[in-house]
Number of protein chains: 2
Amino acid sequence: MISAVDRNDQPPVSARPDEDVQSLRLGYLLKHVYLRFGRLTSAELEPLGISPLEWAALSCVDEQREHSQREMAELLGIDRTKMVALIDELERKGCVERRVQPVDRRKNIVTLTDTGRQISQRGGRLIDDCERRFLAVLNDSDARQLRRALYAVMATNR
Amino acid sequence: MISAVDRNDQPPVSARPDEDVQSLRLGYLLKHVYLRFGRLTSAELEPLGISPLEWAALSCVDEQREHSQREMAELLGIDRTKMVALIDELERKGCVERRVQPVDRRKNIVTLTDTGRQISQRGGRLIDDCERRFLAVLNDSDARQLRRALYAVMATNR
DNA sequence: TATTGTTATACTCTATAACTATA
DNA sequence: TATAGTTATAGAGTATAACAATA
């Protein structure tokens, strides 16, 4: 796949947008792969009544350690102001509970409800399935390599 | 930078959020790599006064063939309603011109001005540089492999 | 003073529907 | 009737700044 022509110049070009110059640009690839995976996971989680980000929030509630909202925001890579609305919504859906941490009363500890724990687990299986299907065109080695490369690139660009 | 104590909690596990469970999820990787590349290219193009998407639009104006707005939207993978504002802005900046296609008066043909052509070329060199720096942690073979994998995944998930 | 959670604002992007002019 | 461009709207995400309570 993907011939020697990695960047074109003039002649032939393409029938489908994906084969045009822009579609071989890193920015285009990242944007569209990101958007398509988001649509897939959104659709898959819809029966559970949560969004991909909401599932990620549930799944990063560590039942062994207690996470404050700010810590969860860091784990998810989102802003703490976004976290407020996210927890609001998950609380409204009966998945999590806030309580003030006695030691440091500025912090809210977020815990899973039974419902939240169930949805987190079911969601995890659905997401596993999404990842598998999304990367189905790659063999196991290439799929691992893709994750490794993305991780390395993320870690070196802050 | 980023000492071992990035999370106050207790035991071992990870020092940085990126090493947590969520950060190994495909969705997390795609989102954050996408966002970071976007920030890099936005900053790099800032001196030219255009956004990454505006540059992509300029660079997909094919001077050999005439593209309508709708065709350009397809090449960029955006909606035709988004294209209107995009061309408005590029026209305001003196980079492109709209003119009605005589053969089919419903269509607008978009062409580059001299300014637009210069900015497109300079922007192309800046974006090349961004891609090189962004993927610097990968060797040439791994970088090519990453693009190939992203392309294959995009092509098989519509 | 600094940090946590919170609220508010502005800006962008996405998705959708509807309108117009043309075909 | 279908298509290209346009406008308007609503929803989500991102980025900021500011505030109250707490450390």
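Note on naming: letters A, B, ... go to the chains in the order of the sequence lines (proteins, then strands), and numbering restarts at 1 for each one.
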Are any protein N/O atoms closer than 3.5 Å to N/O atoms in nucleotides 15-22 of chain C? If there are, list each pair with its distance.
residue: C:dA15; atom: OP1; partner: A:Arg39; partner atom: NE; Å: 3.1
residue: C:dT16; atom: O4; partner: B:Thr81; partner atom: OG1; Å: 3.3

Please check if atom CZ in A:Arg148 has more than 12 non-hydrogen atoms from other residues, nucleotides or ligands closer than 6.0 Å.
-> yes
Would you indicate whether B:Glu46, at its atom CD, is surrounded by more than 12 heavy atoms from other residues, nucleotides or ligands within a distance under 6.0 Å?
->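 Open: at most 12 neighbouring heavy atoms sit under 6.0 Å from CD of B:Glu46.
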Between the CG atom in A:Leu150 and the CD atom in A:Gln145, the distance rounded to the nearest 0.5 Å is 10.0 Å
Donor-acceptor contact below 3.5 Å, side chain B:Gln69 vs main chain B:Met83 = no
Under 3.5 Å donor-acceptor, A:Asn157 side chain and B:Phe134 backbone |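 The answer is yes, because a donor-acceptor pair under 3.5 Å joins these two groups.
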Lys/Arg N to Asp/Glu carboxylate O, B:Arg117 vs B:Asp114, below 4.0 Å |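 Salt bridge flag = yes for B:Asp114 with B:Arg117.
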Looking at B:Arg65 and B:Glu71, does any basic side-chain N land under 4.0 Å from a carboxylate oxygen?
-> no
Not counting sequence neighbours, which residues clear salt bridge (charged side-chain N to carboxylate O under 4.0 Å, His left out) with B:Asp129? List them please.
-> B:Arg132, B:Arg133
How close or far is atom [atom2] of [N] from atom [atom1] of [X], stated in whole angstroms?
X: A:Glu74; N: C:dG5; atom1: CD; atom2: P; result: 10 Å
X: A:Arg36; N: C:dT14; atom1: CZ; atom2: C1'; result: 15 Å
X: A:Ile87; N: C:dG5; atom1: CD1; atom2: P; result: 9 Å

First-last contacting nucleotides on DNA chain D - partner chain B, under 4.0 angstrom, heavy atom | D:dA2 to D:dA15
Nearest-nucleotide check on DNA chain C, A:Lys82 vs B:Val103; residue mapping nearer the 5' end is A:Lys82
Residue closer to the 5' end of DNA chain C, A:Val84 versus A:Leu35 (nearest nucleotide) | A:Val84
Hey, which sits more toward the 5' end of DNA chain D by its nearest nucleotide, B:Ile109 or B:Lys31?
-> B:Ile109
Can you check whether A:Gln101 has a side-chain N or O nearer than 4.0 Å to OP1 or OP2 of C:dT4?
->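 No, outside the criterion.
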